[in-house]
Structures are given as structure tokens and as C-alpha cells.
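Letters go in sequence order (proteins before strands), and every chain restarts at 1.
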Amino acid sequence: MTQPYNKPLPQRSPENEPFWAGLENREFRIPKCNDCGHWNWVPYPACRNCLSTDQDWALTDGKGKIFSYTVVHRGPGGFRDDVPYVLAMVEFPVGARTPIVLGTMVDVDPDAVHTGMPVKVVYEDIEGEGVTIWHFAPDA
Amino acid sequence: MSFPQRKAAIVGVYNTKQAKMLEGTPWTLALEAIQGALDDAGLKHSDIDGLSSMMYDASLTAQQMWVEQLGGRPMTYTSHGIAGALVTKAAATIAAGLTNVVCIYFGNAGMRAGPSKQRAAAEAAPVIRKAPRVPDWDFNIHGAYMSAWYALWTRRYMDQFNAPYENLAEYPVIARYHATLNPASLMGERGEITVQDVIDSPMISSPLHRLDCSLDNDGGYAILVASAEVAKNCRKDPVWVLGGGEGIYTDFYMSFTDDWINDNGQSVRRASDIAFAGAGVTRDDIDVTGMYDCFPVTMARNIEEMGFCKVGEGHEYIKEGHLKLGGKLPTNTDGGLLSHSHCGNPSGMHVVEVVKQLRGECDARQVKDAKIGAVLSQGYAVHGVAGVAILGKD
């Protein structure tokens, strides 16, 4: 019997459902304003730039580069046995005021991680929890 | 800009004992701190008519209960935020005639801020059947926590400005030196440390080692801000609120953009510019400061955003020793959050120390002839919420 997943998971709020459904379909979506073109991460009901509520969950190619990173040697709660693990902030080059997304890195040598490194979104379906989460992996 | 200068003063301050485990509850520790500050000021609990809560539960209903505790009659002001801003807002509200004596208070017992908190919870519930659910964009989903978060800020800072880690690691050395001169500090009795000691301490979240990280302990403090009329009859000389400001932006460790560190500054810059303009003093007039110093990068960014040096040069300013007693900007002379105490919501202790400095109560760590001090509180995201107060004595 496998261990149940014991790390915090997103509550999957109804207003963000297109995002979480997108992850199940291997799509990484970021709200984009239809009035001014601004990309908004993390999502809010209205655009930060112009306050329009006319936003779409725009599809990205799931590719970005590392803005900053850390190798965690002391993990909280359910992460304590995962150390060392890499936590990365990844910039998505979609426009001005680039959105930066936080995630853990998988399939990576911690010593090889560096700022500017190209990465891609990868997906993990959490068994029995009805949610898919994202990670990053090197984009070879 | 016309801040009502010298219309209100800090008249009482008190830190409870700060330690890993203290008897009591958040309430009783805050109460002890309030009683201590009242004694320091020579005031009674019934003199307080305004409350600014720093408690973890600072809700309006919780503040109502504190009003009941402190005399059970109507008060005329409540606020919340972080300490530097609360001092400023109390002074402005007193000057406007809405309240006379505002008490800023905090207490914490048994609530850890670091990863041990979640570890203890996991061990208390050995059979976990469901993963805990948190808001959609919560950084805990990704295994982040405060030290890891500041590690990301540190790495970005180092890469953006070609800042050597060793420059930043000078800050814990300075903080520990100050703590050795403060008998109340948690770490002072362990003696001074070197940069090599910081590097040799266990890696927590690269590039941060254990000695780069804040303490995580219990404690309480209280600060009383009073009108000039009340202040003249208090036990000690008033420490005037000369100016101040508040800045707030971004959400709780969720949203980030590529202008994280830019020349225009963020919350701390806004609060600082308002504070210095309102006080009518320059950066060069400051004799002593207390700045929220949860990690070395926070200090580097503090002095940059406050305008004591240029953006990207804070690490060199630290390396050059200006923050140390005897330097041109002695800062966190109690040992700060790395070597004195981090009791959970500790920004008020930076106020307490600057007040003691301006009163000349700091013994071995006293800054000679300190007349004007600056306090910077920050938190709730890296430099997300900022509060600055400029304080002075006659």
C-alpha cells in the first residue's frame, strides 16, 4: 500500500477551475486581460493593470527560465524526507512585467541548477486527491 | 508634507523575557508586557484609550476583548499593522485629537514560525488520511517556508548584483557581537562568531546557513505612545515621534514579478521617503537604527530601500562595518532577530531598542549621544508591508 500524499494541496477554488482543469490536460494557463493584454499571476478576479474583469485563462507553452532558486536542506512537514530538493522561481517571458511562478524542480541535479536555466512545466496527478499540481524540469 | 512633529511621544516600552519556551499564553505574555510598559511610563491601565494589536489574532473582535481586559470601558482608537507604522499612525491620530495613550502590544507562547511547526503537527497526527488543503497559490504546496523564501531572495540579489555571499554573512557576525553586549539576548552568552562560523553552520536552504536565519522563540513586548500633554508627566523623558510612514504592496508570498529589485524601490522606499520628509531630517541625521533583520539579505535591502546606500550596494555597506557599534549607522544594537529574539511578530522590539538608545539606557551597547533614531519594520512578503518611524529626544 502506498503512503497517502501528506503535503499541502490547493483547495481548487471554483473561480480558478479552468486553471486546475488545464493542469489535468497538461496545459499551463495564466490569466490574460482582454482589454490591455496584461498577464496576471497569481490570478485575481480583475486585471492588476486596468481593473478589467474580462480575462481569459490564456494557454502558455509551459516554458520559462529560472529567476531564482534554492536547494532546500530542511523541509517542512511532509517535505522533510524529500531533502535536498530544488525550489525555483520561473519567469514566463510573455510580456512586460513578467509573471514569475514558484514550483519544485524534478529530474534535476541540484548542482546543475542556475539562474537563467531554461525549464518546462511538468505535471503530477495526485492519486486519490482529485488534483494535479505542477513542477519544473530542465528543458533540454 | 506636514507630519505633526512632537505632538506625540513614546513614553513606555517593555520586553518580556525572550526564550525558547516560556510559561503562559500569548495573552498573559502580552499582559505582562503592557504592565511593564505602563510601569516604565508611570501610567495606569485606565490611561490607555487606544489599542494597536500585533497579536496573531489582531481582529476587531479580539481587540474588543483587550479593551475589556484593560479596564472595561470605551476606548477611542484601534489599528493593526507592523510596529513602525503603528507608532506613526498612533502619533498622527493623537495629534488629531482622537485618542491620548495608544498601546501597541504583542505576546506569543508556543507558536513556532519555522519548519518545526509543521513537523510537530505531522508527528502529532501519525495517520494522515487526507492531504491538508490550503489556498490555491499558497507557497506551502511547493515546500516553501520563510527561510526557503528568503533564500530565493538572497540568490536573486547575489546574482543580480554580483554580491558575494561572504559580504552578506558579515551581518550575522555584527548582530552576534551586539548580542554579546545585551544580557537579555538569547545568543549573547554563546559569544562572538566569524564569517567562517556562519559558512560552517548547517545548510538550511542554499545559500542560507543556520546562522543566517532568525531565531524562533517566545516572548512579548509593548510600546506606549502618548500625547505631549500626557508625556510631560511621565516617568521618563519623552521620545518624540518626528515622522513616519507606511507602505504596503503584494500578497502574502504569492505574486512576484521581474521588477522585484528595482531602482524605484517598493514599500520600504515609499514609507521611508514619506517618513524622512515628514520628520524634516536627512539620512545623515540618523544616529541609531532598528531595522527588521530576519535574514542578511533583508538588511542589505533595508539600507538600500531606506536610502542609506544605492540599490545593489547594501552588501558592501554591511561588509564595510557601518552597521556595527562605532560605525556610522549602528543598527540593531540588541542583537536583532538573529541573535537577540524573534518572538513571532517581533518588529516592535526594534522600536523598543531605539527608544532605549535615545534614552541612554543601553549600558555596554550604548551609542554615544544618540539623539535621532530610525525604525524600519517590514514583513508579510519580502518588503511587502513596511513601517518607518523617525524618533528623537529633546
Side-chain angles (χ1 to χ4, degrees), chain A residues 3-13 15-16 19-20 39-44 48 66-80 82-89 91-93 96-104 110 113-116 126 128-129 131 133-136, chain B residues 112 114-123 125-160 202-210 213 249-261:
Chain A
Q3 283 290 105
Y5 192 87
N6 67 349
K7 299 167 188 169
L9 284 174
Q11 61 197 7
R12 198 169 173 156
S13 303
E15 63 270 27
N16 298 319
F19 176 82
W20 299 112
W39 294 74
N40 288 288
W41 184 264
V42 300
Y44 276 82
R48 288 164 170 77
I66 291 183
F67 178 82
S68 191
Y69 66 95
T70 179
V71 184
V72 181
H73 290 262
R74 186 157 190 252
F79 286 90
R80 68 175 169 176
D82 291 357
V83 296
Y85 58 92
V86 178
L87 190 61
M89 303 176 88
E91 35 184 347
F92 281 71
R97 220 156 182 264
T98 303
I100 292 175
V101 180
L102 180 71
T104 49
V113 177
H114 58 91
T115 298
I126 308 298
E129 294 283 354
V131 66
I133 61 174
W134 75 88
H135 306 287
F136 299 108
Chain B
R112 295 280 85 84
S116 58
K117 175 176 68 174
Q118 291 183 33
R119 185 168 303 188
E123 282 164 0
V127 183
I128 295 170
R129 295 190 172 82
K130 290 296 264 189
R133 292 292 173 135
V134 296
D136 296 35
W137 321 118
D138 193 314
F139 74 174
N140 288 294
I141 295 164
H142 307 285
Y145 59 102
M146 290 304 164
S147 300
W149 195 262
Y150 281 82
L152 289 162
W153 203 29
T154 305
R155 173 61 65 191
R156 181 65 198 180
Y157 180 87
M158 288 166 56
D159 284 353
Q160 190 167 335
M203 189 70 87
I204 300 296
S205 190
S206 71
L208 297 181
H209 295 78
R210 179 179 287 161
C213 298
Y249 95 119
T250 200
D251 39 32
F252 192 74
Y253 304 96
M254 292 193 285
S255 293
F256 327 99
T257 54
D258 58 359
D259 60 354
W260 209 7
I261 306 173

Peer 1: Would one find more than 12 heavy atoms of other residues, nucleotides or ligands at under 6.0 Å from atom CZ of B:R210?
Peer 2: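 No, not enclosed.
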Peer 1: Report which part of B:D136 has an atom under 4.5 Å of a heavy atom belonging to chain A: side chain, backbone, both, or neither.
Peer 2: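 Looking at B:D136, backbone and side chain both touch chain A.
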Peer 1: Of all heavy-atom pairs between B:A144 and A:L102, which one has the smallest distance, and what is that distance?
Peer 2: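 What the structure gives for the nearest pair is CB-CD2, 4.2 Å.
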Peer 1: Please report the shortest heavy-atom distance between B:S206 and A:H73, naming the atom on each side.
Peer 2: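 For B:S206 and A:H73, the tightest heavy-atom pair comes out as N-CD2, 4.5 Å.
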Peer 1: Is A:P43 in contact with chain B via its backbone, its side chain, both, or neither, using a 4.5 Å heavy-atom distance?
Peer 2: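 The answer is both parts of A:P43.
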Peer 1: Could you tell me which non-hydrogen atom of B:D251 sits nearest to which non-hydrogen atom of A:R48, and how far apart they are?
Peer 2: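 That closest heavy-atom pairing would be OD2-NH2, 4.3 Å.
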Peer 1: Can a donor-acceptor pair be found, under 3.5 Å and without considering hydrogens, that links the side chain of B:S255 to the backbone of A:V42?
Peer 2: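 Answer holds: yes.
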Peer 1: Taking A:T104, A:L87, A:V83, A:I126 one by one, which has the highest count of heavy-atom pairs under 4.5 Å against chain B?
Peer 2: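 With the most close heavy-atom pairs to chain B, the winner is A:L87.
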Peer 1: Is the closest side-chain heavy-atom distance between B:W260 and A:F67 below 4.5 Å?
Peer 2: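 They are in side-chain contact.
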Peer 1: How long is the span from the OG1 atom in B:T257 to the CG atom in A:N40, to the nearest 0.5 Å?
Peer 2: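 Answer rounded to 0.5 Å: 11.0 Å.
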Peer 1: Is A:V131 close to chain B through its backbone or its side chain, or both, or neither, when contacts mean heavy atoms under 4.5 Å?
Peer 2: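 Just the side chain, heavy atoms under 4.5 Å.
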Peer 1: Compare all side-chain heavy atoms of A:E129 with those of B:R133 and state whether any distance is below 4.5 angstrom.
Peer 2: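 Side-chain contact under 4.5 Å: yes.
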Peer 1: Among A:I100, A:L9, A:T115, which residue forms the greatest number of heavy-atom pairs with chain B at distances under 4.5 Å?
Peer 2: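 Option with the greatest count: A:L9.
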Peer 1: Supply the atom-to-atom distance A:M89 CE to B:W153 CH2, rounded to the nearest 0.5 angstrom.
Peer 2: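 Going from CE on A:M89 over to CH2 on B:W153, the span is 11.0 Å.
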Peer 1: Please report the closest heavy-atom contact between A:E91 and B:D258, naming both atoms and the distance.
Peer 2: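 Smallest heavy-atom distance, with atoms named: OE1-CB, 3.9 Å.
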Peer 1: Between B:W137 and A:F19, how do the two ring planes meet: parallel, tilted or perpendicular, split at 30° and 60°?
Peer 2: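 Geometry flag for A:F19 against B:W137: perpendicular rings.
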Peer 1: Please name the pair of heavy atoms, one in B:A148 and one in A:V72, separated by the smallest distance, quoted to 0.1 Å.
Peer 2: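 Smallest heavy-atom distance, with atoms named: CB-CG2, 4.2 Å.
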Peer 1: List the steps, then state whether side chain to side chain contact (heavy atoms under 4.5 Å, CB included) holds for A:Y85 with B:H142.
Peer 2: CA-CA 10 Å; A:Y85 58 92; B:H142 307 285; over 6 Å; no
Peer 1: Could you report the tightest heavy-atom contact between A:T70 and B:S205, atom names first, then the distance?
Peer 2: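 What the structure gives for the nearest pair is OG1-OG, 2.7 Å.
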Peer 1: What residue, out of B:M158, B:M203, B:R156, B:M254, has the most heavy-atom pairs lying under 4.5 Å from chain A?
Peer 2: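 Looking at each option in turn, the highest pair count goes to B:R156.
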